[in-house]
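These notes concern the structure reproduced below.
Just so you know, these numbers use all the heavy atoms, side chains as well, and skip hydrogens, waters and symmetry mates. Every chain is numbered from 1, with letters handed out A, B, ... down the list of sequences.
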Protein chains: 2
Amino acid sequence: MFAERGIKATTVRQIGASVGILSGSLYHHFGSKFDLVDAILADFCETTMASYSEIVAADDDTITKLRRMTGYAFSLIGDNPAAVLMIQNEGSMLSQQSRFQYLNTTERKVETMWIDVVRTGVKEGRIRPDVDPRIFYRIVRDSVAGSIRWYKPTPNHKIDAIAEEVITILLNGILVPGKK
Amino acid sequence: MFAERGIKATTVRQIGASVGILSGSLYHHFGSKFDLVDAILADFCETTMASYSEIVAADDDTITKLRRMTGYAFSLIGDNPAAVLMIQNEGSMLSQQSRFQYLNTTERKVETMWIDVVRTGVKEGRIRPDVDPRIFYRIVRDSVAGSIRWYKPTPNHKIDAIAEEVITILLNGILVPGKK
DNA sequence: GTCTATAAACTGATAGAC
DNA sequence: GTCTATCAGTTTATAGAC
């Protein structure tokens, strides 16, 4: 509900009604509306960070790592779309509050991991040195974030396939080589 | 203010204060809060559609058209960041109301224009036929939309340069050719 | 065209009965 | 653990003086 309507626009009465109790009863379980937001986002940030760390630490080829990181990023859309949407839509407002500082911390650490992998690829001579690692990371991140607005999961159209199409375009481009 | 805090979270008192009048006086100029939203978005959609149509109709090379369309899309971030953010954050909520149906119409028409240009490029043998035009469009669109969250305009770092870096990655990829 | 004043509804949160 | 009942504050919007 926070993701669909926004945090401010979602009332505690609506939240209570969605689980079949009244607004007053909610306060037996949570101290405030923002405690609910915190419970959703803190867990999401923790597992996201842990999963990325695991992929980066693995003994894989650099390009394979980029593929796996892209695949994981897209899998978040399927596994926790609400948290992704909340951070995307209201992250900048939330991260101004001290209790949500971990949003900034997580974003910074994830960005650093992506950029480090791209830089390694450049050193290995596999990635063109004129590619800006930050721009590359942002294209991936924003493509993932944007996919939440149009991706509808079906058995025939899995999120893995979309991740594969996106990383293929980013690795190889769309142009037919050698033509001018 | 709608873009920064969200439409629901922005009060008519805050809007009035920002232009030096009280909330009551605002209703001499606008019938409701959503009339203000409408005034911002309707104008934005109209000029965006017109500009894209002009680029597509021009007598340019297909790849040049893609470059110009990407450049124009990024220029919207600099010219009207508020409207872009409002549509990005609350577009799906707004477009459920009948008065904001033009948001859906505009989005559909813009997407069709992008896809048509990519398909032309495939027919001309310049773009690989295995590229999904929809996925390509969405990568561009979401990269543009996402840039609004990190791009800070400075004389040294113009939005045109970012547009050029993004389209270069999408056209050519990041890999060094021929390596395996 | 802006003001004062206020209506009418809604908001997050609390206290205490059951 | 949920309820009733309600507080105190805020919200959009209106009516009428200036």
Side-chain angles (χ1 to χ4, degrees), chain A residues 1-45 80-104, chain B residues 1-45 80-104:
Chain A
M1 299 175 76
F2 290 147
E4 283 170 20
R5 317 182 207 197
I7 296 167
K8 180 103 181 183
T10 303
T11 70
V12 290
R13 283 169 179 77
Q14 292 171 332
I15 297 171
S18 78
V19 291
I21 60 176
L22 294 185
S23 68
S25 309
L26 263 184
Y27 288 85
H28 178 76
H29 305 275
F30 290 96
S32 76
K33 189 167 126 175
F34 277 92
D35 280 4
L36 276 164
V37 176
D38 200 12
I40 296 169
L41 297 185
D43 180 61
F44 175 78
C45 285
N80 202 341
V84 176
L85 261 175
M86 287 169 68
I87 292 172
Q88 200 185 343
N89 289 345
E90 317 196 69
S92 62
M93 281 143 63
L94 291 171
S95 60
Q96 285 167 7
Q97 299 178 39
S98 57
R99 77 181 293 183
F100 289 109
Q101 272 309 304
Y102 61 84
L103 288 175
N104 290 322
Chain B
M1 300 174 76
F2 290 147
E4 283 171 18
R5 317 181 207 196
I7 295 167
K8 181 99 182 186
T10 303
T11 70
V12 290
R13 282 172 180 78
Q14 292 171 331
I15 297 170
S18 79
V19 292
I21 60 177
L22 292 187
S23 68
S25 308
L26 263 184
Y27 287 86
H28 178 76
H29 304 275
F30 289 96
S32 77
K33 191 167 126 176
F34 276 92
D35 280 4
L36 276 163
V37 176
D38 200 13
I40 297 169
L41 297 186
D43 180 62
F44 174 79
C45 286
N80 202 340
V84 176
L85 262 176
M86 287 167 68
I87 292 173
Q88 201 184 343
N89 289 344
E90 317 196 70
S92 62
M93 281 142 64
L94 291 171
S95 60
Q96 284 167 8
Q97 299 177 40
S98 58
R99 77 180 294 183
F100 289 110
Q101 271 310 303
Y102 61 83
L103 289 175
N104 290 322

Item to complete: Compute the angle between the rotation axes at the two ends of the helix from dG1(C)-dC18(D) to dC18(C)-dG1(D), each taken over five pairs, rounded to 10 degrees.
Response: 10°
Under 3.5 Å, sequence neighbours excluded: what are the donor-acceptor pairs made by side chains of residues 34-43 of chain A?
unit_1	atom_1	unit_2	atom_2	d
D35(A)	OD1	R99(A)	NH1	3.4
D35(A)	OD1	R99(A)	NH2	2.7
D35(A)	OD2	G31(A)	N	3.4
D38(A)	OD1	Y102(A)	OH	2.6
D38(A)	OD2	R99(A)	NH2	3.3

Integer-rounded Å distance: [N] [atom2] and [X] [atom1]:
X	N	atom1	atom2	value
F30(B)	dG1(C)	CZ	C1'	14 Å
Q14(B)	dT11(D)	CD	C1'	11 Å
R13(A)	dT10(D)	CZ	C1'	13 Å
R5(A)	dC10(C)	CZ	P	15 Å
L26(A)	dG1(D)	CG	P	13 Å

Worksheet item: Counting only side-chain N and O atoms of Y27(B), is one of them less than 4.0 Å from OP1 or OP2 of dA13(D)?
Response: yes
Discussion item. Using modelled atom types and a 3.5 Å cut-off, is there a donor and acceptor pairing between side-chain atoms of K33(B) and backbone atoms of I7(B)?
Written reply: yes
Shorter than 3.5 Å, N or O on both sides, protein versus nucleotides 2-4 of chain D: list them out with atom names.
unit_1	atom_1	unit_2	atom_2	d
dT2(D)	OP2	H29(A)	NE2	2.7
dC3(D)	OP2	L22(A)	N	2.7
dC3(D)	OP2	S25(A)	OG	3.2

Practice prompt. Please determine, for the side chain of K33(B), which listed nucleotide (dT11(C), dA13(D), dT14(C)) has the closest atom?
Written response: dA13(D)
So, for [X] and [Y], which heavy atoms are closest and what is the spacing to 0.1 Å?
X	Y	result
S95(A)	Q101(A)	O-NE2, 2.9 Å
M93(A)	E4(B)	SD-O, 3.4 Å
L85(A)	A3(A)	CB-CB, 3.7 Å
H29(B)	S25(B)	CD2-O, 3.5 Å
S32(B)	Y27(B)	CA-CE2, 4.2 Å

Discussion item. If you count every heavy atom of other residues, nucleotides or ligands that lies below 6.0 Å from Q97(A) atom CD, does the total exceed 12?
Written reply: yes
